Amino acid sequence: MIRVRFAPSPTGFLHVGNARTALFNYLFAKHNNGKLILRVEDTDKERSKKEYEDMLIEDLKWLGIEWDEGPDIGGEYGPYRQSERLDIYNKYIQELLEKGHAYYCYCLPEELEEERKKALAEGRPPRYSGKCRHLTQEEKKQYEEKGIKPVVRFKVPDGRIIVFDDLIKGHIEIGVDEFGDFVIVRQDGMPTYNFVVVVDDALMKISHVIRGEDHLSNTPKQILIYEALGFDIPEFAHLPIILGEDRSKLSKRHGAVSVRAFKDEGYMPEALFNFLSLLGWHPKEDREILSKEEIINEFDIKDIHKSPAVFDRTKLRWMNGVYIREIIPLEELTKRAEPFFKGFGYIGSFDYYKKVMQAIRDSIETLMDIKERARPFFVDEFEFDDKAKEELSNETAYKVIQTLYEKIKDRDTLTGEEFKKIMKEIQKELKVKGRQLYHPVRIALTGEHSGVGLDILVEVIGIERVKKRLQRALEYFG
RNA sequence: GCCCCCGUCGUCUAGCCAGGCCUAGGACACCGGCCUUUCACGCCGGCGACACGGGUUCGAAUCCCGUCGGGGGCACCA
């Protein structure tokens, strides 16, 4: 049974880099009929917050990632929140202590930091000296009496070379001398990541650990713990990280990078899902617009790249546009767009929004674009800019608008077809055509110089508003 | 500094493992054209890359070595 997990720490919004890791775990699980486990890594008391956990779950769901076990739905191997597993960890800490794989260390953080800096400055690997490895009972007692609370360190065997075959990176060998005895329980009693991740992955029967490349150098430490505790070692797969435009690890300073931000900016979850899946992975054929099902079917961990990819917002935008104009059904698209319309102060019925979406979906790439593109469908009292004023001051332009108004002022309805017919008549009567003919009308009707087809606009906003706007322009330039 | 990973158009990538089918294919962006009342959409075309240097070979983007470049890690964060 394939079991994978996504294990975020609830310290902020879900970052697209993490979302991509979650996504690949999800794809791997689904493709292989396995299970995805969501585990919340909240051992950092300082930074972890329950609100963040809720948002993480919300964002993951929004993206279309589902899990089989997790803190919200439970499961056979719970609890799935590390802060609720402390008793379990303690048991294994005791075991390591008893077997001599771990020991108490009374060194102060300040002096350690000092040593670290010194080592770095002298070009040595900054590692713990191991000086508390062989403390006598007497020495321990002395420290205790001074009120110093110890940490627990894992005793790293000298000179070992850890070897493992990463499913993505291939054969990896790392000498254990790169790091010293590392902390597995903090002074405050909380166990640390490198320890709990092993206990949890082992107890939750995780078969494949798929995570970001930044964890690659942690893997040897974890393998040591697997061995010390006698657990089976899972398969590892380290995903290349996602880069910003400057080719450094994607972070907040590269602009909006949280899934939440993309949601708020009017991106379709399906598009983000599709886009993220293509970052470091490629299907057999050259198609890029793929449904979730297609991606799951085609996904093969062997096709994941070794090299990192730059997060290309422009391409994401394009892809989102494809989803808006070609993939998401109009009804659904309108539902998603409704809060955006309202947010921009564009008030109307659902049916009206639907008509507007129909009219503008080809010309927007995110729901944010509704603000500009849909304005003419809602705003009657718009301003005329200098260019507009100049163009409408022209005599023929004025004449066109006037004639149009005369021709429709007694009508009750006006379809797009009828509008076009009327425009043709004006063309003949006034002997103006093309831009000279349409542009003044556009300005009178929208105050803008480009936008949706006017036939569509007039039909959607209705003849009364058309009359009103024409009148307004006539008065303004009269 | 030390360890590890990576290196095909500006970007995402196909090809690399099983060398010739590659005058290196696709997509985004960019430029030009067509369509069109305008913008957008759509369609057509263009620009543009095997990091460098050595080998191996009849033949290398593909195999080997080195150099350079980029990235990640080296916490009582995960």
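All values derive from a computational prediction rather than experimental measurement. Reminder, nothing fancy here: chain letters follow the sequence lines and each chain counts from 1.
For the 3.5 Å distance criterion, the side chains of A:Thr192 and A:Asn194 fail to qualify, holding no donor opposite an acceptor. Between the side chains of A:Asn25 and A:His208, not a single donor N or O lies within less than 3.5 Å of an accepting N or O.
Under the rule for a side-chain contact (heavy atoms from CB on, under 4.5 Å), the partners of A:Lys50 that lie at least two apart in sequence or sit in another chain are A:Glu53, A:Asp54, A:Arg81. Applying the side-chain contact (heavy atoms from CB on, under 4.5 Å) rule to A:Asn297 yields no partners; only residues at least two apart in sequence or on another chain are considered. The side-chain hydrogen bond (donor to acceptor under 3.5 Å, both in side chains) check on A:Lys354 picks up A:Glu331, with sequence neighbours excluded. Partners of A:Asn274 according to the side-chain hydrogen bond (donor to acceptor under 3.5 Å, both in side chains) rule, which considers only residues two or more places apart in sequence or in another chain, are A:Tyr323. Checked against ring-ring contact (aromatic ring centres under 6.0 Å, His included), A:His101 has no partners two or more places apart in sequence or in another chain. With sequence neighbours excluded, no residue forms a side-chain hydrogen bond (donor to acceptor under 3.5 Å, both in side chains) with A:Arg247. By the side-chain contact (heavy atoms from CB on, under 4.5 Å) test, A:Tyr89 is found to be paired with A:Gln82, A:Arg85, A:Leu86, A:Pro191, A:Phe195, A:Val196, A:Val199, A:Asp200, residues two or more places apart in sequence or in another chain being considered. Listed by chain and number, the residues in a side-chain contact (heavy atoms from CB on, under 4.5 Å) with A:Pro283 are A:Leu278, A:Trp281, A:Glu285, A:Leu290, A:Glu298 (sequence neighbours excluded).
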Generate the contact string for nucleotides 4-13 of chain B. Rules: B means base contact, S means sugar-phosphate contact only, - means no protein heavy atom under 4.0 Å. SSSS---BBS
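What separates CD1 of A:Ile241 from P of B:rG70 is a distance of 15 Å, to the nearest Å. Rounding to whole angstrom units, CZ of residue A:Arg211 and P of B:rG73 are separated by 13 Å.
Within the 4.0 angstrom heavy-atom criterion, base atoms lie near A:Asn218. Residue-level contact check: A:Arg317 touches neither bases nor backbone, having no heavy atom under 4.0 Å from any strand. Within the nucleic acid shown, A:Thr11 has no heavy atom closer than 4.0 Å to any nucleic acid atom.
When both pairing distances are held under 3.5 Å, B:rC2 makes a Watson-Crick or G-U pair with B:rG73. Nucleotide B:rC68 forms a pair with B:rG7, judged by Watson-Crick or G-U wobble geometry with both contacts under 3.5 Å. Across all strands shown, B:rU23 remains unpaired; no Watson-Crick or G-U wobble contact has both distances below 3.5 Å.
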Per-pair distances, 0.1 Å, donor-acceptor, side chain in residues 12-24 of chain A, under 3.5 Å, sequence neighbours excluded:
{"unit_1": "A:His15", "atom_1": "ND1", "unit_2": "A:Gly17", "atom_2": "N", "d": "2.8"}
{"unit_1": "A:His15", "atom_1": "NE2", "unit_2": "A:Leu250", "atom_2": "O", "d": "3.1"}
{"unit_1": "A:Arg20", "atom_1": "NE", "unit_2": "A:Leu279", "atom_2": "O", "d": "3.0"}
{"unit_1": "A:Arg20", "atom_1": "NH1", "unit_2": "A:Pro240", "atom_2": "O", "d": "3.1"}
{"unit_1": "A:Arg20", "atom_1": "NH2", "unit_2": "A:Pro240", "atom_2": "O", "d": "2.9"}
{"unit_1": "A:Arg20", "atom_1": "NH2", "unit_2": "A:Leu279", "atom_2": "O", "d": "3.2"}
{"unit_1": "A:Thr21", "atom_1": "OG1", "unit_2": "A:Gly17", "atom_2": "O", "d": "3.2"}

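Between A:Lys221 and B:rC74, a side-chain N or O to OP1/OP2 separation shorter than 4.0 Å is absent.
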I'd like a list of close polar pairs between nucleotides 39-48 of chain B and the protein, N/O only, cut-off under 3.5 Å.
{"unit_1": "B:rC39", "atom_1": "O2", "unit_2": "A:Arg373", "atom_2": "NH1", "d": "2.7"}
{"unit_1": "B:rC39", "atom_1": "O2", "unit_2": "A:Arg373", "atom_2": "NH2", "d": "2.2"}
{"unit_1": "B:rC39", "atom_1": "O2", "unit_2": "A:Gly451", "atom_2": "O", "d": "3.3"}
{"unit_1": "B:rC39", "atom_1": "N3", "unit_2": "A:Arg373", "atom_2": "NH2", "d": "3.4"}
{"unit_1": "B:rC39", "atom_1": "N3", "unit_2": "A:Gly451", "atom_2": "O", "d": "3.2"}
{"unit_1": "B:rA40", "atom_1": "O2'", "unit_2": "A:Asp362", "atom_2": "O", "d": "3.2"}
{"unit_1": "B:rC41", "atom_1": "O4'", "unit_2": "A:Asp362", "atom_2": "O", "d": "3.4"}
{"unit_1": "B:rC41", "atom_1": "O3'", "unit_2": "A:Arg325", "atom_2": "NE", "d": "3.3"}
{"unit_1": "B:rG42", "atom_1": "OP1", "unit_2": "A:Arg325", "atom_2": "NH2", "d": "3.4"}

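Of the residues in residues 393-402 of chain A, not one places a heavy atom less than 4.0 Å from an atom of RNA chain B.
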